[in-house]
Every structure is written in structure tokens, then in C-alpha cells.
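Have a look at the structure below, then the notes.
Excluded from the calculations below are hydrogen atoms, water molecules and symmetry mates; all remaining heavy atoms, backbone and side chain alike, are included. If you're wondering where the values come from, they're calculated on a predicted model, not measured in any experiment. Lettering of chains follows the sequences in order, A, B, ..., and the numbering in each one begins at 1.
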2 protein chains.
Amino acid sequence: MKVKLEDVAKRAEVSPTTVSRVLNNRGYISEQTRKKVEKAIEELNYYPNDIARSLFKKRTNFIGLVLPTINNPFFSELALYIENICSDLGYKVILCNSLMQIDKEKAYARMLIGHQVDGIIVCTYNRGVEAYKNPKLPIVAIDHYLSPTIPVVGSDNYAGGRMAVQHLIDQGCRSIIHINGPIELETPTQMRRKAYEDLIDNPITYELINLFDEEYTAVSIRQILKKHPETDGIFASDDLIAATCLKVANELNIQVPDQLKIVGYDGTETVLRLLPQLTTIKQPIQEIAKTSVSKLMNLIENPDCDEALETFLPIELVINETT
Amino acid sequence: MKVKLEDVAKRAEVSPTTVSRVLNNRGYISEQTRKKVEKAIEELNYYPNDIARSLFKKRTNFIGLVLPTINNPFFSELALYIENICSDLGYKVILCNSLMQIDKEKAYARMLIGHQVDGIIVCTYNRGVEAYKNPKLPIVAIDHYLSPTIPVVGSDNYAGGRMAVQHLIDQGCRSIIHINGPIELETPTQMRRKAYEDLIDNPITYELINLFDEEYTAVSIRQILKKHPETDGIFASDDLIAATCLKVANELNIQVPDQLKIVGYDGTETVLRLLPQLTTIKQPIQEIAKTSVSKLMNLIENPDCDEALETFLPIELVINETT
DNA sequence: GTGAAAGCGCTAACAT
DNA sequence: ATGTTAGCGCTTTCAC
């Protein structure tokens, strides 16, 4: 059997309450009693049971982190920062990879609620998860709209889009195309597309239905480049798409940046390390993490506080050899 | 207040026991009663409280996943698979980024034990975390030795190292150097180094003290290449190091693969997508995840079962343009 | 086939 | 400054 508070109490010859007091630094305890209790804890190698504590306190110090897949440089960098900040604040993070499947996401939502998480940070694109509609549950979304009352945090997608496209124009591109994810997703990242379309006279935007399948992405880009041989600039809505553009251009013997210039979006550490040639719009991932967590904590501490519904953080153009 | 089992019972006009029976499909319930209860659950939008359940059952269905940083293609791919498999088995994953700091890791261990996790998968390099010594707690390690009794899962590092070096030799390299992490880490990945040293007459092995600092890595590699201008082959112990080698070679106008050939290790999806030129040893990450989880589940179900202490899964050479 | 009652390990009134 | 007691929400013997 695991050693429990009662065992510590017996060994220290005090009541369970006293042990609890020592554990939580609450109320008055004489120095002597505290010593005795600490000694017993040490000797018995006692670890307080957080499950019992949570049951009583109705607070678990758990938060759920729901994302499409952690195996993606943007989400893994985000997750690192989020987890780190939470850990410093005494919160634990439950990782959920929805794989863009609505059923999985619903199951995760049920699980998180059942486990009494104190809040959820959601970075997925699935709408229609009823559980998120529960107004009692603190939720913050990153880069997409879940419901009218859930705060959204992200980068300034419109400014980022403009910056990317303007840079291509400044570099002399005349035929710029844009490659993005599914247009029906209700995410502020659609503003990247909007910026492109606002800046270009005859916009040519392509949608990749499945953002996480590289082979499909490569095939699509090959077709696009063959259909539009005049293309001399691509604004890709994320760095992975940009990387595939670069790869396909290499295969087709299109010289980058001489014949074709490419700008991506995200600017994660991983991408900048593996593909240092890539020009991209760098998101303030650490700031996004900080802001999301602090909003969530606010919502948890103060359920009916008014958090700003949308927060867009500044981006930065990182110029490298693909432009 | 949250709706609880008792509320459901009242509404369905049955006892709490009966509701519990319906919830858990245990014992005999008449079809009619079940219907009533299910209706009440539906109407009240009831979610069973897993915390209370766990307290009673002494099983939380939580596992801890401790890694240096999720913001790394190898660990994020591993984490994706591990989380997915666990989720299918009804287990939830608590993410812990130790950042290679022993204090953080100790704090995580305490936290995980306090939270009554059913088991832990550890992929970090820190020894001396006392909490892991608790023989009652099921633990599986990936790619390093934690204690004599904790099973280790990884790729066949020796075979992988041989394959990488032999490939360089076959491609005509005469001056092959090896770049690896700190030599004092007690991990089976040291076998990559051993394979290199077994195959090469005058081995030149460099240690990078901090594997997660790119700037330091780049500076070190620059020095190494300047000191050994005759180098025509590099076996890097992971793909991120290999990527930095490639970058530095580009800066120094060393032609890859003509003047210098590079082989990495890991072969993650992310690296192969962002840096498709890289020749590398591909680890069976999904198999590593499956094996680790299944060993852990075994240990959980059957605390004194004899799991094989070391499992090394087969690797594969992926030849691309850097060799 | 269903219910009453005890208890999982902890905390917080309330008493002393 | 310390102890007694009830109860967090659930499950499970043990009755009926």
C-alpha cells in the first residue's frame, strides 16, 4: 500500500489535520511539530495524493492542450512554451492530438471535461464540438474561431500577409500566386489570403485540402507550377508548404530565387535551422503562448472577466535566400 | 454546481448505485432502467467525474511523458505516436519538457507521482532522479539507461552507426569525422560512436556539449572543419547537427556532396520534408513508440512481469543528395 | 434487478 | 496550537 497522510500522522504522533497544515503551510503550527511531521514525511517517503486533493478542492491544476498534431514545428514550439509557462505556474498539461478528426476531438473534449481540467487551449480547426460550448469551462483558442465568446490569440495575419506579398513585389515579382489551406476553415489565418488578394490585381489562390499530407501537397504544387509557368513568386501560408514549393522547384529545375521567389509563414526555430534559406514571416510564438496562457489563467481565476476577444501579435519578415 | 451522479439518480428516480452500474456496464440492469438513466444523463448533460473515480479505483489512466523538449522533430514525432496509441488505449498523456535541467526533471517526477500516474515514459538524459528509483512505479526509458531495472527501447544504434559510416566509406570518403553529443551520457546512442570508432582507423570524434543550442553547434562545426580541412565525410549523431554541418559547409563554400558528404541520424518526417537532400539513418519511430507503450502497459497490468531490459529496433539507410 | 452504506485520501470548518 | 468530524463524487460489497 501507498503511504498516506494518515500514516504520516501516526508516525509523527499528531492528527491528520496537523500534517495537512504542514503540507499546505496553513494556520499555526509550532516549529517543533512541523519538524516532527517533516521528519515523518521524509522517513516514509510520502507523496501527497493530488487526486484526493483535487477532489476536495474542485481544482485540478490541469489544462488540456488540443492541437492537430504535435509533430509539426509550429505546434511543437508553441506547445513547448505553453507547457513551460504552465509548469512554472503549477499547472500540468494534457496533450491531445486531434489529427483533424472531429470524432477524436469530441472524445478529447469529453475526456478533458471528465478529468475536470481547469481550462483548455485549443489550436484545432474543428467546429461543432458541443463540449466547447459549455460556458463554464475556460477556453482560449489559438488562430481560429471556436465560438463567439471564446477569445482568440494569434499573429497579425493580415499585416504578415501584406508584408510577405509586398516583399515579393519589391523584389520584382510580377506573377505571384498564393497557396493556402482550405478556405472554409474559420480561422484568422484567412487574413493572410485576404492581404494577398488585396494587394494583387489578378490573384491566383490555391487551396490545399489536406495540409498534413506532403505527397498530396507536392503533387498539387507541381500541377500549379506547370499550369502557371509564368509564376515568379509564391506566398505560401506556412513554411512546410513553402519547403515543398522549394523542393518541387528544384525538381523542375526552376532556379530559386532567380526564376522563382518563395516566402513562407511561421518562422519556427526548427524550420530556420533546417531550411535557413527560407524567407518567411516569423510569428511571435513565445508571445502567443504567453498571451494564451495568461488569458486562460485570468478566465480560470475570474470566470466572468472580460478578456479581449481577439489579440493579434506583431510579426516580422525574415529575409533569406529564397527571395 | 456541476451535475453529479446523485443528480442523475434523483432525476431517473433510481439509486446512485444503479446509475453507476449503467455508467460502467456492470451487473444486471433492466433495459427499462437503463433507458431511464441514459435519458437523465442526456438531459442533465452529465459528465462522470474521473477524479472521484480515480480516487476510488487507485488508477488514473494517466501516463507521464518526460522528454528534453517537444520542440524537436524526433521527440515531437515520438510524442505524437505515443499519445495516439495511449489515447486509443484510454490513457491520457501529461507532457513534461525537462529542458535537460535536473531540477525541473525532479520536480516533474514528484508531480507525476503526486498525480498518481499509472506509469512514465522517460526520454531524458538526467540520472539521479531518485523518484525513478521507486520500484513500484512502472517506467520505460527511450534511448537511455535510467537504472539497471528499467527497460530501454531504442533503435539499433550500433547497426545504424555502422551503416552510416560504411556508406560514407563506400562513397569514397577517406577522412571521416564523427560529431556526437556529450560522451558521458549513459545512453545506447553512444553505440553510434562506437560503431564509427570500430570502423575507422584514426577516428576523430567531437562532442557537442549542448545539443540544443544551434549557434554553439554552428561555431563548433566551423572550427572543426577549419581544423580538419581534409575532412570529406561527416557522420553526425542526429539530423539537426547534420543540417548545421550542411549550412556551415555552404557558408565555407565547401561543395556537398562533391567535397564533403554528410550522413545524419533520425530520419524524421519533418527533417525529410524540410531537408530532403539529407542522407540519414531512419529510426523506426512508430515502432519505438508502440514498443515503449506496450512494455509500459504490461508493467502496469502486471507489476512483476519480466520485460526484456533492452529492445533495439531495426534502422534503415535513406540515401539522398548529401552523399 | 436494485438500494444502503462505507470508504478511496485529503481538507476545512469548527471546536478546544 | 492542535484535534474531531464531515464530506468532495464516485464505486462496491452486501443486503434484500
May I have the distance from B:Q116 (atom CD) to C:dC8 (atom C1'), rounded to whole angstrom? 11 Å

Using whole Å, report how far CD of B:E13 lies from C1' of C:dG3. 15 Å

Under the salt bridge (Lys or Arg N to Asp or Glu O under 4.0 Å) rule, what pairs show up with a residue in residues 93-119 of chain B, not counting sequence neighbours? B:R59-B:D118

With sequence neighbours excluded, tell me which residues meet salt bridge (Lys or Arg N to Asp or Glu O under 4.0 Å) with [X].
X	answer
A:K35	A:E31
B:E6	B:K10
A:K290	A:E287
B:E43	B:R11, B:K39

Could you pull out all residues at least two apart from A:F75 that satisfy ring pair (Phe, Tyr, Trp, His ring centres under 6.0 Å)? none

Across all chains, not counting sequence neighbours, the ring pair (Phe, Tyr, Trp, His ring centres under 6.0 Å) partners of A:F62 are A:H115, B:F62, B:H115

I'd like to check the side chain to side chain contact (heavy atoms under 4.5 Å, CB included) partners of A:P188; sequence neighbours left out, ordered by chain and number. A:D143, A:H144, A:Y145, A:V152, A:N157, A:F312

With sequence neighbours left out, write down each residue that passes side chain to side chain contact (heavy atoms under 4.5 Å, CB included) with B:Q32, or none if nothing qualifies. B:S30

Where along residues 28-39 of chain A does a heavy atom come under 4.0 Å from DNA chain D, residue by residue in number order? A:Y28, A:I29, A:S30, A:T33

For C:dG3, does OP1 or OP2 lie under 4.0 Å from any side-chain N or O of B:T18? yes

Mind running side-chain hydrogen bond (donor to acceptor under 3.5 Å, both in side chains) on B:T268 and B:T270 for me, showing each step along the way? CA-CA 5 Å; B:T268 56; B:T270 299; 5.1 Å; no

Take the C1' atoms of the five end pairs on each side of the helix from C:dG1-D:dC16 to C:dT16-D:dA1, derive the two axes, and give their angle rounded to 10 degrees. 40°

For nucleotides 9-13 of chain C, give me every protein contact, N/O to N/O, under 3.5 Å, one pair per line with atom names.
{"residue": "C:dG9", "atom": "OP1", "partner": "B:K58", "partner atom": "NZ", "Å": "2.4"}
{"residue": "C:dG9", "atom": "OP2", "partner": "A:K4", "partner atom": "NZ", "Å": "2.6"}
{"residue": "C:dG9", "atom": "N2", "partner": "A:A52", "partner atom": "O", "Å": "3.4"}
{"residue": "C:dC10", "atom": "OP1", "partner": "A:Y46", "partner atom": "OH", "Å": "2.4"}
{"residue": "C:dC10", "atom": "OP1", "partner": "A:N49", "partner atom": "N", "Å": "3.2"}
{"residue": "C:dC10", "atom": "OP2", "partner": "A:L5", "partner atom": "N", "Å": "2.4"}
{"residue": "C:dT11", "atom": "OP1", "partner": "A:N24", "partner atom": "ND2", "Å": "3.2"}
{"residue": "C:dT11", "atom": "OP1", "partner": "A:R53", "partner atom": "NE", "Å": "2.7"}
{"residue": "C:dT11", "atom": "OP1", "partner": "A:R53", "partner atom": "NH2", "Å": "3.4"}
{"residue": "C:dT11", "atom": "OP2", "partner": "A:S20", "partner atom": "OG", "Å": "2.9"}
{"residue": "C:dA12", "atom": "OP2", "partner": "A:R26", "partner atom": "NE", "Å": "3.1"}
{"residue": "C:dA12", "atom": "N6", "partner": "A:T17", "partner atom": "OG1", "Å": "3.1"}

